[in-house]
Chemist: 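My structure is below; once you've seen it, I'll send some questions.
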Number of protein chains: 2
Amino acid sequence: MANFPHPGKPVRGSESGNPIMALFDLLGRRWAMGVLWQLCSGGPCTFRELQNRCESISPAVLNSRLSELRAARLVERGGDGYQPTELGEQIIAAIHPLKALSEQWSKDLNSAED
Amino acid sequence: MANFPHPGKPVRGSESGNPIMALFDLLGRRWAMGVLWQLCSGGPCTFRELQNRCESISPAVLNSRLSELRAARLVERGGDGYQPTELGEQIIAAIHPLKALSEQWSKDLNSAED
DNA sequence: CTCTTTGCTATTAAATTAATAGCAAAGAGT
DNA sequence: ACTCTTTGCTATTAATTTAATAGCAAAGAG
């Protein structure tokens, strides 16, 4: 089964496994947040549909991320395919304000660069 | 100068550079969220102090992350060393609820695994 | 002038991610 | 039953990132 950064065990940023650092270690892998985000905003879907939503993820990487997210219980499989668990949804909900901030960021960068 | 995922240009998850995907691409690099988090929660500090706070980051990686975060204007250098910009702080503030959720996550995992 | 601290760079190695092909299982349609 | 799709992957090889370690030049302290 997938190996993922486990709270309570040594992870990047915390030898003692501080949960927030473990979560950063998990979500700070390529595509991790994007995959979870797509599952939350687009609803449950198949592996291939998720691949499409992500526009350019390779099946090997998608498979790794899904295995990890499932092992970490942020994603599960239901009748309609892959879907976020309740905690997975809460995490994305918590992160949701980033959407508006990212747009602010984009504007700031543009005006600062001309 | 550092090359970072730029909103408006192709990034992981969005060929058209959707800002939220660009931000995920930036923050989804090893140590990126941890570094920003430490700067926000511990206050401005030197390169070496930041290295200590992160417990095990190598100078090469810290240097990369700092260069990217600075290029992206989420971190800057002031009289007291490295510090988050206003937007950097807002991003961490937005993410802050993850702390409580990560603790919940930790508990859930423990009870589910025994 | 020496000793520290700071902010890195260089080098080499290990791990992660990507790109591409393709296959076995399950279901749909005929 | 047979063919055609769709689905959920795995295998392989290559490219990119990250890590580990050493060390050095610049700035300040004494």
Side-chain angles (χ1 to χ4, degrees), chain A residues 1-6 9-15 21-22 24-36 38-39 42-72 75-83, chain B residues 1-6 9-15 21-22 24-36 38-39 42-72 75-83:
Chain A
M1 186 165 241
N3 148 287
F4 69 99
H6 206 293
K9 293 184 185 170
V11 295
R12 259 176 274 256
S14 171
E15 198 52 38
M21 289 300 155
F24 284 162
D25 203 353
L26 175 69
L27 296 180
R29 293 180 173 190
R30 243 107 203 214
W31 286 106
M33 288 188 287
V35 164
L36 195 52
Q38 294 291 5
L39 278 182
C45 70
T46 66
F47 187 94
R48 263 156 141 125
E49 160 66 8
L50 192 49
Q51 223 180 146
N52 288 338
R53 287 186 195 169
C54 290
E55 292 191 24
S56 68
I57 194 171
S58 79
V61 174
L62 177 55
N63 187 41
S64 298
R65 283 310 86 84
L66 279 175
S67 304
E68 293 154 11
L69 290 170
R70 288 173 70 190
V75 166
E76 64 193 357
R77 289 187 76 174
D80 300 325
Y82 292 100
Q83 59 187 234
Chain B
M1 185 165 240
N3 145 288
F4 69 99
H6 206 293
K9 294 185 185 170
V11 296
R12 258 175 275 256
S14 171
E15 198 52 38
M21 290 299 155
F24 284 162
D25 202 353
L26 175 69
L27 297 180
R29 293 180 172 187
R30 243 108 201 213
W31 287 106
M33 288 187 287
V35 164
L36 195 52
Q38 295 291 3
L39 278 182
C45 70
T46 65
F47 186 95
R48 272 172 133 116
E49 160 66 9
L50 192 48
Q51 222 178 149
N52 288 339
R53 288 186 194 169
C54 290
E55 293 190 25
S56 67
I57 194 171
S58 78
V61 174
L62 178 56
N63 187 41
S64 297
R65 285 308 87 85
L66 280 174
S67 302
E68 293 154 11
L69 291 170
R70 287 174 70 190
V75 165
E76 64 192 0
R77 289 187 75 174
D80 300 325
Y82 292 100
Q83 59 188 233

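Being a predicted model, the structure only gives us computed values, none of them experimental.
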Chemist: Check for a donor-acceptor pair, side chain of B:Arg65 on one end and backbone N or O of B:Arg30 on the other, with a separation under 3.5 Å.
Modeler: yes
Chemist: Measuring to OP1 and OP2 of C:dT9, would you say a side-chain N or O of B:Asn63 lies under 4.0 angstrom away?
Modeler: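 Indeed, a polar side-chain atom of B:Asn63 lies that close.
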Chemist: With both distances kept under 3.5 Å, what pairs with C:dG22, Watson-Crick or G-U wobble?
Modeler: D:dC9
Chemist: Indicate whether OP1 or OP2 belonging to C:dA15 is found under 4.0 Å from a side-chain N or O atom of B:Arg30.
Modeler: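 So the side chain of B:Arg30 is outside the cut-off, no N or O lying under 4.0 Å from OP1 or OP2 of C:dA15.
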Chemist: How many angstroms lie between atom SG of A:Cys45 and atom CD of A:Gln83, to the nearest 0.5 angstrom?
Modeler: 10.0 Å
Chemist: Considering only D:dA19, D:dC9, C:dG7, which nucleotide approaches the side chain of B:Val61 most closely?
Modeler: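 Out of D:dA19, D:dC9, C:dG7, the nucleotide with an atom closest to B:Val61's side chain is D:dA19.
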Chemist: Closest to the B:Arg29 side chain: D:dT18, C:dC8, D:dT10?
Modeler: D:dT18
Chemist: So, does A:Trp31 get its side chain near the phosphate of C:dT16, meaning an N or O under 4.0 Å from OP1 or OP2?
Modeler: no
Chemist: Between D:dC9 and A:Arg77, is there an OP1 or OP2 to side-chain N/O distance shorter than 4.0 Å?
Modeler: yes
Chemist: Which atom names give the shortest non-hydrogen contact between A:Leu27 and A:Ala32, and what distance separates them?
Modeler: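 Nearest heavy atoms, A:Leu27 then A:Ala32: O-CB, 3.6 Å.
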Chemist: Could you check B:Gln51 against A:Ala60 and say which one's nearest nucleotide on DNA chain C is further toward the 5' end?
Modeler: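 Its nearest nucleotide lies further toward 5', so the answer is B:Gln51.
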Chemist: Round to a whole Å and report the spacing from CG of B:Leu62 to P of C:dC8.
Modeler: 9 Å
Chemist: Identify whether any heavy atom of A:Arg48 sits under 4.0 Å from a base atom; if not, whether one sits that close to sugar-phosphate; answer base, sugar-phosphate or nothing.
Modeler: base
Chemist: On DNA chain D, does the nearest nucleotide to B:Asn3 precede the nearest nucleotide to A:Glu49 from the 5' side, or the other way round? Give the residue.
Modeler: A:Glu49
Chemist: Out of D:dA11, D:dA19, D:dG8, which nucleotide sits closest to the side chain of A:Arg12?
Modeler: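 Shortest atom-to-atom distance from the side chain points to D:dA19.
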Chemist: At their closest point, which heavy atom of B:Pro59 faces which heavy atom of B:Gln51, and how far apart are they?
Modeler: CD-OE1, 3.7 Å
Chemist: Could you tell me how far apart A:Arg53 (CZ) and D:dG8 (C1') are, to the nearest whole angstrom?
Modeler: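 Rounded to the whole Å, the gap is 16 Å.
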Chemist: Report yes if at least one side-chain N or O of A:Arg65 is closer than 4.0 Å to OP1 or OP2 of C:dT17; otherwise report no.
Modeler: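 Answer is yes, contact under 4.0 Å.
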Chemist: For C:dA14, which nucleotide in any strand shown is its Watson-Crick or wobble partner with both distances under 3.5 Å?
Modeler: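 WC or wobble partner is D:dT17.
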Chemist: When you get a sec, tell me which of C:dT17, D:dT21, D:dC9 is the closest nucleotide to the side chain of B:Ser58?
Modeler: D:dT21
Chemist: How close or far is atom C1' of C:dT6 from atom CG of B:Leu66, stated in whole angstroms?
Modeler: 13 Å
Chemist: Looking at B:Thr46, does any N or O in its side chain come under 4.0 Å of the phosphate oxygens OP1/OP2 on C:dG7?
Modeler: yes
Chemist: Ion pair present between B:Glu76 and B:Arg70, side-chain N to carboxylate O less than 4.0 angstrom?
Modeler: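 Between B:Arg70 and B:Glu76 there is no salt bridge, as every charged N stays at least 4.0 Å from the carboxylate O atoms.
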Chemist: Return the nucleotide paired to D:dA29: Watson-Crick means purine N1 to pyrimidine N3 with N6-O4 or O6-N4, wobble means G-U with N1-O2 and O6-N3, both under 3.5 Å.
Modeler: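 Because both required distances fall under 3.5 Å, D:dA29 counts as paired with C:dT2.
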